[in-house]
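Since we're looking at a predicted model, the values are computed, not measured. Lettering follows sequence order; numbering is per chain, from 1.
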There are 2 protein chains.
Amino acid sequence: MPNNFLEKARELVRHTGDRATHHRIRTLATLLAEQHALTHREIEERLNVKEQLDRVTLYRVLEWMSKKNLVHKIAGDDRVWRFRVNTELHSHQHAHFVCTRCTKVTCLADFKIKPLPSLPIGYLFHETELTVKGLCAECI
Amino acid sequence: MPNNFLEKARELVRHTGDRATHHRIRTLATLLAEQHALTHREIEERLNVKEQLDRVTLYRVLEWMSKKNLVHKIAGDDRVWRFRVNTELHSHQHAHFVCTRCTKVTCLADFKIKPLPSLPIGYLFHETELTVKGLCAECI
DNA sequence: GTAAATTTGCAACTAAGTTGCATTTGAGTA
DNA sequence: TACTCAAATGCAACTTAGTTGCAAATTTAC
């Protein structure tokens with residue numbers, strides 16, 4: 001883990017105004033270093049190489065980061081949440097790619113759908129989420 | 001449960017070539033009678049009013065229906081699968097509405113996104129799934 | 001009506017995520 | 001630097017959706 005990820009993570013955590021704890025900083029640094037969305041288990045594996053951290057604590061750290069908009073959660077067909085750092089401000093129309101073989105999740109550029117599929121009468125639109133399924137480069 | 005749903009269900013199950021069992025027919029009839037996607041638990045509640053059916057059997061019936069393209073499964077943010085009868089042939093660009101208050105899932109008309117968000121080099125597109133989030137008429 | 005394969009019911013299991021509570025720690029203050 | 005206290009952590013126990021293995025029941029073809 002290069003130092004600059006830890007530095008960047010510390011700064012981001014500090015900036016929330018909440019406590020800048022060891023676990024929060026280490027967890028965020030791990031996510032900053034990743035190109036893809038990670039599951040709780042994958043993060044745990046990466047973090048527990050050098051020091052231990054409790055799985056419940058990690059759940060709570062991730063929950064906290066999500067609430068603070070440092071990361072976003074992606075629901076998968078395997079009933080597992082994946083977490084990805086928020087690089088820029090996400091719009092209300094976000095897109096993900098999911099590899100149907102290795103389940104790896106990659107964030108795509110935001111997009112616009114016009115027109116949206118029309119909603120039943122009385123329904124209120126808030127946001128859209130587009131999931132593109134296929135095979136990633138390593139799985140073809 | 002009107003008789004015609006049971007008749008329609010029996011015909012659809014027969015048409016697969018596999019065994020037309022009591023549970024398969026009753027389960028499909030229940031889904032045919034619904035406007036919205038249902039969870040395993042919701043289907044169980046509706047089915048167990050008059051006769052009992054084992055929850056594992058229901059999981060297997062739903063799995064079988066999905067494989068036979070009688071229904072499609074929708075993954076939700078609550079880690080629960082929802083099932084909806086396939087009214088017509090679904091395209092490879094399907095859309096759902098999810099109410100963020102009551103979690104009810106409604107199928108929307110299929111749609112086209114052009115252009116698709118561009119994929120990383122070497123990635124292969126297969127299908128898209130659009131989730132529109134907001135509030136349904138009853139929750140506003 | 002009988003036989004053979006498929007389906008069902010039951011019990012036990014898996015795995016992600018949650019809750020309650022006692023202990024520890026970050027960070028502001030003396 | 002030490003002190004304080006709310007916030008964060010670790011641990012054990014729990015919840016819930018979904019899965020697996022196997023013996024018993026059911027469907028359908030003959």
Side chain R14(A) and base dG26(C) donor-acceptor under 3.5 Å:
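Side chain to base: no pair present.
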What about R19(B): does its side chain form a donor-acceptor pair under 3.5 Å with the base of dT6(C)?
yes
Closest-nucleotide ordering on DNA chain C, the 5'-leading residue of D18(A) and D78(A)
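Result: D78(A).
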Note down the inter-axis angle between the two ends of the helix from dG1(C)-dC30(D) to dA30(C)-dT1(D), five pairs each, to the nearest 10°.
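Rounded value for the end-axis angle: 30°.
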Using the rule given for side-chain contact (heavy atoms from CB on, under 4.5 Å), can you reason through T128(A) versus T131(B), listing the C-alpha separation, both sets of side-chain angles and the distance that settles it, and then say yes or no?
CA-CA 6 Å; T128(A) 62; T131(B) 304; over 6 Å; no
Sugar-phosphate only, base, or nothing, as touched by [X] at under 4.0 Å among non-hydrogen atoms:
{"X": "T21(A)", "answer": "sugar-phosphate"}
{"X": "R24(B)", "answer": "sugar-phosphate"}
{"X": "V56(B)", "answer": "base"}

Rounded distance (Å) that lies between atom [atom2] of [N] and atom [atom1] of [X]:
{"X": "R41(A)", "N": "dT14(C)", "atom1": "CZ", "atom2": "P", "answer": "13 Å"}
{"X": "D54(B)", "N": "dT7(C)", "atom1": "CG", "atom2": "P", "answer": "16 Å"}
{"X": "Y59(B)", "N": "dG9(C)", "atom1": "OH", "atom2": "P", "answer": "15 Å"}
{"X": "R79(A)", "N": "dA16(C)", "atom1": "CZ", "atom2": "P", "answer": "9 Å"}
{"X": "H22(A)", "N": "dT24(C)", "atom1": "NE2", "atom2": "P", "answer": "17 Å"}
{"X": "D77(B)", "N": "dA16(C)", "atom1": "CG", "atom2": "P", "answer": "18 Å"}
{"X": "E51(A)", "N": "dT25(C)", "atom1": "CD", "atom2": "C1'", "answer": "15 Å"}
{"X": "E45(A)", "N": "dA16(C)", "atom1": "CD", "atom2": "P", "answer": "10 Å"}

Taking every non-hydrogen atom, the tightest pair across [X] and [Y]:
{"X": "A37(A)", "Y": "E42(A)", "result": "O-OE1, 4.1 Å"}
{"X": "A109(B)", "Y": "P117(A)", "result": "O-CB, 3.9 Å"}
{"X": "A75(A)", "Y": "D77(B)", "result": "CB-OD1, 3.4 Å"}
{"X": "T16(A)", "Y": "W64(A)", "result": "OG1-CZ2, 3.5 Å"}
{"X": "R101(B)", "Y": "L135(B)", "result": "CB-CD2, 3.8 Å"}

Could you check whether E129(A) pairs with K133(B) (Lys NZ or Arg NE/NH1/NH2 to Asp/Glu carboxylate O, under 4.0 Å)?
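Salt bridge flag = yes for K133(B) with E129(A).
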Are T106(A) and R84(A) linked by a side-chain donor-acceptor pair shorter than 3.5 Å?
no
side-chain N/O R60(B) vs dT8(C) OP1/OP2, d < 4.0 Å:
no
Can a side chain N or O of H23(B) be found less than 4.0 Å away from OP1 or OP2 on dG9(C)?
yes
Tell me, please, the opening and closing nucleotides of DNA chain D, 5' to 3', among those with an atom under 4.0 angstrom from a non-hydrogen atom of chain A.
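From 5' to 3', the first and last contacting nucleotides are dA6(D) to dG18(D).
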Of V80(B) and V61(A), whose closest DNA chain D nucleotide lies nearer the 5' terminus?
V61(A)
Looking only at atom types and distance, does a side-chain atom of T100(B) sit under 3.5 Å from a main-chain N or O of G134(B), one as donor and one as acceptor?
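Flag set: sc T100(B) to bb G134(B) pair under 3.5 Å.
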Got a sec, which pairs hit ring-ring contact (aromatic ring centres under 6.0 Å, His included) with one end in residues 15-41 of chain B, sequence neighbours left out?
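Listed by first then second residue: H40(B)-Y59(B).
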